[in-house]
Every structure is written in C-alpha cells, then in structure tokens.
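Have a look at the structure below, then the notes.
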Amino acid sequence: MDYPKRKLPRLRSYDYSKEGYYFITICTHEMKRLFGTTDTLNEVGVVAEKELREISNHFDGVRVDRYVVMPNHIHMVLVLGCDGVTNREKKLPSVSTIVGLYKSGVSRKIRQMYPQMTVWQKSFYDTIIRNKDMYKEIIKYIYNNPITWNFEKYHLLRKREL
C-alpha cells in the first residue's frame, strides 16, 4: 500500500536557529479542546501557559513575545536573538528544539495529573516573520483569535437553531 508523502513543514534551506521572529502554532492531539475556553483556562491550559512563560528561562536569547492559549491550540511569536548581543558563545537553539522541549515539558506535567492524556499533535506550524507589517498583522491575529473563535461558535449555534 502506498501512503501519501507527508509535506515537510519547514523550509529546507532555512536556518531555524537564525535570529528572528517566528509565528508558531501548536495544536492539540485530534484538535481536542484540552485547555479550557477562550475566557478561562482549565488546569491543563494553565500548565500550557505557565510553561510558555518559562521558555525564556530555559534558553538564553530566546523569548515569547506574544501568545494566546486557545481551547485546542496555541499561537505564539517566538523571538530568537534580537536582543542586541552580537557575539554569542553558543549558537541559538533551533525553533524545532524549543518547540519540542516545550511540548515534552507540558506533556510530562500534564501526564502527572492525567496519565493517559495525549496532549499534542505531531509537529507544529511556523511562519518566519519577515517585516514589521507582517509582525503587526500576526499580533492582531493573536489578539483577535479568542474573539473570532467565540463569534464563529455563536454563528454555528445560530445556524443549528434556524
């Protein structure tokens, strides 16, 4: 049986440990709503958010600029370097390394509460933020994501009633 070839989610020739801004989306396993609602995170969502805030403590020269924890996914702007340090003794970690360690750390903590829970889908989505206009659009998207989520959910309910 021939299986479809999986599309590689990263650019082949790009160095993902290069200084820059990256828009990252990480989805839950089977898009299950594990993190609560757009208004209130549950205990699993709190773990995911807390670990997001800790990323800069685990990696020198890395920080999360903006983020939102949605019921079944997370958006963040991950910043590598861009802190004015030009000579680094160590190379910056790659985006894949950072996201992988974040996902495994969250999974480990959540499995202490819920041993059978699978938290994440494989891989993640990324966009290299190339300029200020793109950055502004992404920040606006992150900010509006909970509003849009609730608006779409309301309209789906209204369609069912009609």
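Looking at every heavy atom in both residues, Gly61 comes nearest to Leu92 through O-CD2, 3.8 Å. When all heavy atoms of Cys27 and Tyr125 are compared, the pair lying nearest together is SG-CE1, 4.0 Å. In plain terms, the two heavy atoms of Pro71 and Gly36 that are nearest each other are CB-O, 3.4 Å. Across Gly45 and Val69, no two heavy atoms sit closer than the pair O-CG1, 4.4 Å. Taking all atoms of both residues into account, the shortest heavy-atom contact from Asn42 to Val44 is OD1-N, 3.0 Å. Taking all atoms of both residues into account, the shortest heavy-atom contact from Asn72 to Lys32 is CB-O, 3.3 Å.
Counting heavy atoms from C-beta outward, Glu43 and Met113 have side chains that approach closer than 4.5 Å. Two residues are said to be in side-chain contact when any heavy atoms from C-beta on lie closer than 4.5 Å; Leu41 and Glu49 meet this criterion. Annotation: side chain of His29 is not in contact with side chain of Trp120 (no heavy-atom distance under 4.5 Å). Residues Phe124 and Ser96 have side chains in contact (heavy-atom distance under 4.5 Å, counting atoms from C-beta outward).
Atom CG of residue Leu101 and atom CZ of residue Phe59 lie 4.5 Å apart, to the nearest 0.5 angstrom. Annotation: the span from Arg53 atom CZ to Arg63 atom CZ amounts to 15.0 Å, rounded to 0.5 Å. The OG1 atom of Thr38 lies 9.5 Å from the CD1 atom of Ile147; values are rounded to the nearest 0.5 Å. Once rounded to the nearest 0.5 Å, the distance linking CD1 of Ile98 with CE of Met76 reads 8.5 Å.
Applying the ring-ring contact (aromatic ring centres under 6.0 Å, His included) criterion to Phe23, with sequence neighbours excluded, gives His75. In this structure, Ser56 has no side chain to side chain donor-acceptor pair (under 3.5 Å) partners at least two apart in sequence or on a different chain. Under the side-chain contact (heavy atoms from CB on, under 4.5 Å) criterion, Ile139 pairs with Asp65, Arg66, Val77, Tyr135, not counting sequence neighbours. Taking Thr28 as the reference, nothing meets the side chain to side chain donor-acceptor pair (under 3.5 Å) condition, with sequence neighbours excluded. Asn57 is linked by a side chain to side chain donor-acceptor pair (under 3.5 Å) to Glu54, counting only residues two or more places apart in sequence or in another chain. Residues that satisfy the salt bridge (charged side-chain N to carboxylate O under 4.0 Å, His left out) test with Glu137, not counting sequence neighbours, are Lys140. Take Tyr114 and apply the ring-ring contact (aromatic ring centres under 6.0 Å, His included) test, not counting sequence neighbours, and it matches no residue. Under the rule for a side-chain contact (heavy atoms from CB on, under 4.5 Å), the partners of Ser17 that lie at least two apart in sequence or sit in another chain are Asp15, Lys91, Ser94. Qualifying side-chain contact (heavy atoms from CB on, under 4.5 Å) partners for Lys109, counting only residues two or more places apart in sequence or in other chains: Val47, Glu51. Considering only residues two or more places apart in sequence or on other chains, Thr127 meets the side chain to side chain donor-acceptor pair (under 3.5 Å) condition with none of them. Under the ring-ring contact (aromatic ring centres under 6.0 Å, His included) criterion, Tyr67 pairs with no residue, sequence neighbours left out. With sequence neighbours excluded, no residue satisfies side-chain contact (heavy atoms from CB on, under 4.5 Å) with Lys50.
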Asp126 and Tyr16: CA distance, side-chain angles, deciding distance, side-chain contact (heavy atoms from CB on, under 4.5 Å) verdict: CA-CA 10 Å; Asp126 71 88; Tyr16 281 90; 3.2 Å; yes

Stepwise side-chain contact (heavy atoms from CB on, under 4.5 Å) check, Val62 with Ile55: CA-CA 7 Å; Val62 175; Ile55 286 176; 3.9 Å; yes

Audit row: Ile74, Thr25, side-chain contact (heavy atoms from CB on, under 4.5 Å) steps and yes/no: CA-CA 6 Å; Ile74 291 172; Thr25 301; over 6 Å; no

Residues Asn145, Met70; criterion side-chain contact (heavy atoms from CB on, under 4.5 Å); working and verdict: CA-CA 8 Å; Asn145 203 229; Met70 297 295 291; 3.1 Å; yes

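Val119 and Met31 fall into different hydrophobic clusters, where Ile, Leu, Val, Met, Phe, Trp and Tyr residues are linked whenever their side-chain heavy atoms come under 4.5 Å apart, directly or through other members. In the hydrophobic cluster analysis, where Ile, Leu, Val, Met, Phe, Trp and Tyr join through side-chain heavy atoms closer than 4.5 angstrom, Met117 is grouped together with Ile26. Hydrophobic clustering places Val68 together with Met134 (ILVMFWY residues linked when any side-chain heavy atoms are closer than 4.5 Å, directly or through intermediates). Note: the hydrophobic cluster containing Tyr141 also contains Val79 (ILVMFWY, side chain heavy atoms under 4.5 Å, direct or indirect links). Cluster membership for Leu80 and Tyr14, using ILVMFWY side-chain heavy atoms within less than 4.5 angstrom, is shared.
Of the possible donor and acceptor atoms, none in the side chain of Thr97 sits under 3.5 Å from a partner among the backbone N and O of Pro93.
The aromatic rings of His73 and Trp149 sit tilted relative to each other, their planes meeting at an angle between 30° and 60°.
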